[in-house]
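Dropping the structure in here first, questions after.
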Amino acid sequence: MYRRERSLPLRSSSAALYNNLSVLRGPGPGPAALCAVHGPGLSLLSAAEDGLGFSQRQLLQAREGGTAVSTPLLTQAAWCVLPARVLLVLTSQKGIQMYEADGSTMVYWHALDVTEHPPAQAVFARGIAAAGERFVCVGTSSGQVLVFDVPPKGTNVTVSEVLERHRDAITDIAAELGQAPDGAGDLVTADDAGSLCVWSTGEEFTLVCSIPAWGCSCSSVKLWNGVVAAGYGNGQIRLYQAATGVLRAEVNAHARWIYALDLAPRTGKLLSGAEDSFVHVWQLSRDPDTDSIEVAHCQAECVTDTQVCGARFCDPEGDAFAVTGYDLSEVLRYRRV
């Protein structure tokens with residue numbers, strides 16, 4: 001049973017974007033930091049040193065080359081936790097920016113090539129995930145996934161590979177949160193048409209399997225112990241076998257478009273948030289006898305009159321989670337009792 005705690009105020013309200021809440025988990029029971037996008041800026045909440053509260057500030061993305069042109073709108077922000085360092089990655093209509101974890105210093109800027117897109121097509125980056133030991137993957141509106149090789153320190157970030165299996169704009173990217181079975185792959189990418197690709201990371205990324213679209217956009221994905229959890233625009237959550245792409249379970253989870261999924265790696269709890277104002281907590285498990293994937297509903301919370309656009313667990317066990325929604329100037333927090 002989860003109970004609502006004191007909410008955290010945001011400098012600006014949250015924009016109606018997929019997966020518009022990121023949580024940097026700390027060594028203690030609570031999050032070290034949270035962030036949500038609004039327009040060209042980022043509302044950043046950092047835990048106080050005494051652990052008794054949060055400080056907040058607004059992070060405005062740096063302009064390319066210091067030019068005086070208008071600042072582009074952000075499409076997503078997320079922390080990428082690698083073994084050697086943690087980066088705060090921002091995506092926008094112009095490109096990709098990587099900062100140190102606290103947002104104090106910009107490490108890298110990658111501009112999108114507008115000439116590669118048709119004149120009538122929107123250009124943006126979206127979908128962020130750390131992969132393997134040293135890679136950060138970011139999706140684009142052309143369907144490409146850029147793989148950045150990140151050094152343990154310094155600014156010598158390079159594009160090591162470009163994955164080109166999607167034909168539609170990337171919506172989300174997720175890396176394996178648990179232990180991937182042999183041959184299952186450890187990265188999943190999703191696009192606006194609803195297609196999914198499962199990859200095996202390494203010096204070269206290889207495609208493990210493709211899951212075809214079925215007429216509905218996939219807005220959010222997660223990967224846990226060889227199971228792909230995908231949230232769709234019709235409110236369904238679908239669970240696939242990562243090694244084969246076979247559908248293993250289907251849940252009519254929400255009445256409207258799903259905007260966010262998250263998984264607690266140590267327990268297999270799944271969190272979903274949607275336009276219908278509801279946040280659901282589910283429990284994923286495997287039957288040891290049949291190897292079938294089972295889904296149990298744990299709890300539902302209604303954020304009244306709010307289009308939920310961000311939902312994240314605050315700890316690996318899934319004992320606490322945070323939620324925000326469109327035009328909501330706060331982050332709501334819930335803790336298990």
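Quantities reported herein were computed from a predicted structural model and do not represent experimental measurements.
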Close side-chain approach of V81 to L24, heavy-atom, < 4.5 Å: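 A side-chain contact under 4.5 Å exists here.
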Quiz: residues 156-163 side-chain donor-acceptor pairs under 3.5 angstrom, not counting sequence neighbours:
residue	atom	partner	partner atom	Å
S160	OG	V147	O	3.3
E161	OE1	F205	N	3.1
E161	OE2	F205	N	3.4

No-hydrogen, no-angle side-chain donor-acceptor test under 3.5 Å, H166 and T189: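 Distance-only check passes for H166 and T189.
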Stepwise side-chain hydrogen bond (donor to acceptor under 3.5 Å, both in side chains) test for T91 and T75: CA-CA 6 Å; T91 58; T75 53; 2.8 Å; yes
With distance as the sole criterion, is a donor-acceptor pair present between the side chains of S14 and H38 under 3.5 Å?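 No, because no side-chain N or O of S14 sits under 3.5 Å from a partner of the opposite role on H38.
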Angle class for the H280/F278 ring planes (parallel below 30°, perpendicular above 60°, tilted otherwise)?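 Parallel: the ring planes of H280 and F278 meet at under 30°.
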If the test is ring pair (Phe, Tyr, Trp, His ring centres under 6.0 Å), which one of Y259, W257, W214 qualifies with Y232?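 It is W214, the one option of Y259, W257, W214 that forms the ring pair (Phe, Tyr, Trp, His ring centres under 6.0 Å) with Y232.
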Going by the angle between their ring planes, with limits at 30° and 60°, are F321 and Y334 parallel, tilted or perpendicular?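 F321 vs Y334 ring planes: parallel.
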Between R256 and D276 (salt bridge meaning N to carboxylate O under 4.0 Å), is one present in this structure?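 Judged by the 4.0 Å cut-off on N to carboxylate O distance, R256 and D276 do not form a salt bridge.
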Tell me whether D262 is salt-bridged to R25, with the criterion being a basic N under 4.0 Å from an acidic carboxylate O.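 Looking at R25 together with D262, the answer is yes, because their closest N to O distance falls below 4.0 Å.
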Salt-bridge test for K269 and E317: reply yes if a basic N is under 4.0 Å from a carboxylate O, no otherwise.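 Looking at E317 together with K269, the answer is no, because their closest N to O distance does not fall below 4.0 Å.
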Less than 4.5 Å apart, side chain to side chain, heavy atoms only: is that true for E250 and Q236?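 Side-chain contact under 4.5 Å: yes.
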